[in-house]
Amino acid sequence: MNPLRISTRRLLAAVAVLGLGPVLAVPAAALAAPLDAAGAAGGQPPTTQLLAKAPPDECFAGIGQPYPAGPPCETGQAKVNQAYLWGMTRAGRTLFFGTGANVNCLTSGRTLENTVPTQNADWVCEYGESQIAKRNPQLPVKLGDHRIPRLYTYDTKSNQLTEKTELVKAASPDDATRLQNTVGIRAAGNFGGVALLGGPALGESINLFAFDTDTGAYLGSHNFTSYGNIRHFTVADGALYAGVGVGNNGGNRGHVLRWMGSKTDPFNFAQVATLPAQAADLTVHEGRIFVTTWPGSDNEFSGGEAAPAPVPASIASVWMSPKLSDGAPGLTPDDDAAWQQVWNVASYEPDAVVARSYGLGGLASYGGYLYWGTMHVPMKATSLHLSIYPPVDEAGITATAQNTQRAVSIYRGKGFGSSKQKVDLLYGSTELPAFDPEANGGVGAWTTKSTNYTPKYGPAGFGNPYNNYTWKMAVAGGKLYVGTMDWSYLAKEFGQQTAAQLGLSPQMGDVLAKAPAVAAAPAGARATAEIPEAVYGGDLYAFPSTKKAATTISDTGVGNYLNYGVRNMVVDGSTIYLGMANPMNLRTDPNDDVPEGGWELIKLKAGC
């Protein structure tokens with residue numbers, strides 16, 4: 001999810017220790033399985049087929065211990081580092097995709113500052129105790145669980161999976177170094193016979209890798225020092241566009257880039273937008289490009305600071321481009337400063353600090369509306385609030401934990417930039433807690449304030465308080481699909497880790513873990529609220545039309561409850577290829593009663 005900063009001097013020292021051997025993912029021979037019949041809106045339910053899955057790629061013998069040979073592992077246990085199918089694109093019959101390793105460890109370290117090694121039955125994060133970190137003492141502990149990402153193609157007609165990782169590493173020393181220094185393949189897109197896959201590098205830059213979509217040949221790589229993050233591509237009116245961020249983790253500002261390249265010049269881009277925050281996702285709607293953003297670095301406060309009253313431009317927002325048909329075909333550098341912010345999260349979220357923890361994620365054009373949703377890094381709003389307004393006792397900590405929880409809210413709008421602009425809240429809250437720091441003689445107090453919206457269909461998170469990311473939206477077979485991340489399976493461990501990081505008691509770790517469930521429960525049921533174990537796993541929903549509520553396709557990880565999110569969706573007619581996120585790196589035993597960890601590629605055939 002987040003790249004980790006490392007200086008150029010340290011980066012060069014780290015090159016030799018970050019690469020591991022090749023990974024061979026094995027296609028799964030799984031039969032098509034039906035999903036929840038409700039997802040078909042009265043017709044035949046969708047079916048799914050597991051096409052490929054990350055296999056074990058390392059042996060683990062304990063935190064801080066040398067990694068035994070294998071797999072197969074004669075000692076220790078098998079471990080699967082490759083957690084996310086992170087970036088994916090389809091060119092004809094071929095899917096091009098790449099992975100990210102141990103992303104939950106990287107995110108926990110980077111965003112929540114949790115860098116104490118931890119191990120449980122599901123996953124391990126070694127941080128500074130990993131063998132990679134030990135071989136390079138200058139490496140920041142947040143990078144200890146980094147592993148080289150993997151690159152693949154999948155032929156959807158022949159069902160053939162082909163790994164491209166070694167092809168890249170063998171091309172040249174520069175190509176091998178760039179791949180070793182890439183946090184993960186976070187973004188993918190294709191146009192004009194070229195597929196581009198890439199992601200943030202270990203320094204404040206991004207790496208892109210290019211392939212010929214006609215032959216599968218590798219075309220080379222490039223390091224872009226002007227940008228620090230990249231998340232998504234989209235094709236609009238005969239051109240390919242990408243959203244990027246500048247600076248560490250893309251936190252300084254954002255840009256939209258237009259690809260001007262070719263097979264012989266695959267890394268030629270023109271900058272067509274400058275935004276105050278990094279671009280998250282982007283899509284085409286009514287002849288314009290719309291972009292969601294992730295909060296900029298000015299939304300990060302140090303302890304004891306008061307949250308600024310004005311809403312900064314870098315708060316998570318929806319931005320709209322000029323008309324693609326105006327002037328020259330498509331967007332050009334002349335459009336760089338002509339984008340318009342048409343919505344931001346402060347119009348919904350009444351608490352100024354919590355608002356600055358929001359991100360915006362997936363968006364899609366459907367039935368004349370633009371749809372989008374929010375993203376909430378687990379415990380980020382709580383940790384940020386505790387650092388700015390430290391409570392005086394554990395009761396105050398409990399109140400902060402419970403009042404800063406937010407599940408995804410889903411919106412749609414039309415008429416953007418005009419007097420007829422209208423935004424509807426589809427799933428969310430009419431009221432939310434907000435902190436008044438002046439109450440109680442300056443001690444502060446939580447009050448309930450209006451969000452200025454009334455949800456059309458239901459509560460936040462589609463009714464699941466642990467649905468924290470609107471990760472991707474896609475239109476297929478006449479329906480709008482929404483994939484989420486559900487962090488309920490992680491909650492107990494994340495609660496304890498966050499409590500330890502903040503110097504709180506283990507009892508407060510339980511409070512943090514259950515806070516979303518407590519916050520969502522009716523007042524009389526809060527004392528008995530529990531994490532909803534029955535619905536572990538990321539969720540997939542579908543809006544059958546603009547006039548109906550979403551139906552549940554799967555609320556348990558699309559066949560594997562360890563899949564905590566639907567990270568990618570690539571459409572081919574009424575078929576959707578799902579890229580799943582699953583960081584349970586110690587769940588590798590096929591003989592136990594628990595499913596396996598690691599990324600999955602799933603084919604979903606929509607019902608009728």
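Position 1 is the first residue of the sequence; numbering continues from there.
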> Of the options Val482, Leu604, Leu540, which is the one that meets Met569 in a side-chain contact (heavy atoms from CB on, under 4.5 Å)?
Leu540
> Mind checking whether Trp471 and Tyr84 have parallel, tilted or perpendicular rings, split at 30° and 60°?
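Trp471 vs Tyr84 ring planes: perpendicular.
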> Which label fits Trp599 and Phe97: parallel for a plane angle under 30°, tilted from 30 to 60°, or perpendicular past 60°?
perpendicular
> Are Glu600 and Asn582 close enough, and set up right, to give a side-chain hydrogen bond (donor to acceptor under 3.5 Å, both in side chains), and what steps lead you there?
CA-CA 8 Å; Glu600 294 184 352; Asn582 180 338; 4.9 Å; no
> Checking Asp175 against Tyr218 for the side-chain hydrogen bond (donor to acceptor under 3.5 Å, both in side chains) test, could you report, in this order, the C-alpha distance in whole Å, the side-chain angles of both residues, the deciding distance, and whether it holds?
CA-CA 11 Å; Asp175 290 283; Tyr218 176 58; 2.4 Å; yes
> So do the side chains of Arg258 and Met260 get within less than 4.5 Å of each other, counting heavy atoms only?
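Side chain of Arg258 against side chain of Met260, heavy atoms only: contact under 4.5 Å found.
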> Using a strict cut-off of less than 4.0 Å between a Lys/Arg side-chain nitrogen and an Asp/Glu carboxylate oxygen, indicate whether Arg147 and Asp57 qualify as a salt bridge.
no
> Any side-chain heavy atom of Pro200 within less than 4.5 Å of one from Asn229?
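Yes. Closest side-chain heavy atoms under 4.5 Å.
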> Taking the inter-plane angle between the rings of Phe267 and Phe224 on a 0 to 90° scale, is it parallel (under 30°), tilted (30 to 60°) or perpendicular (over 60°)?
perpendicular
> What are the two closest non-hydrogen atoms of Phe494 and Pro378, and how far apart are they?
CD2-CB, 4.0 Å
> Might you point out which heavy atoms bring Asp539 and Asp486 nearest each other, and give the distance in Å?
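The pair with the smallest heavy-atom distance is OD1-OD2, 4.1 Å.
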> Could you tell me whether a side-chain N or O of Gln131 sits under 3.5 Å from a main-chain N or O of Gly64, the two making a donor and an acceptor?
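Yes, because the side chain of Gln131 sits within donor-acceptor range (under 3.5 Å) of the backbone of Gly64.
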> Does Arg587 make a cation-pi contact with Trp123 (under 6.0 Å, within 45 degrees of the axis)?
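Checked: cation-pi criterion not met.
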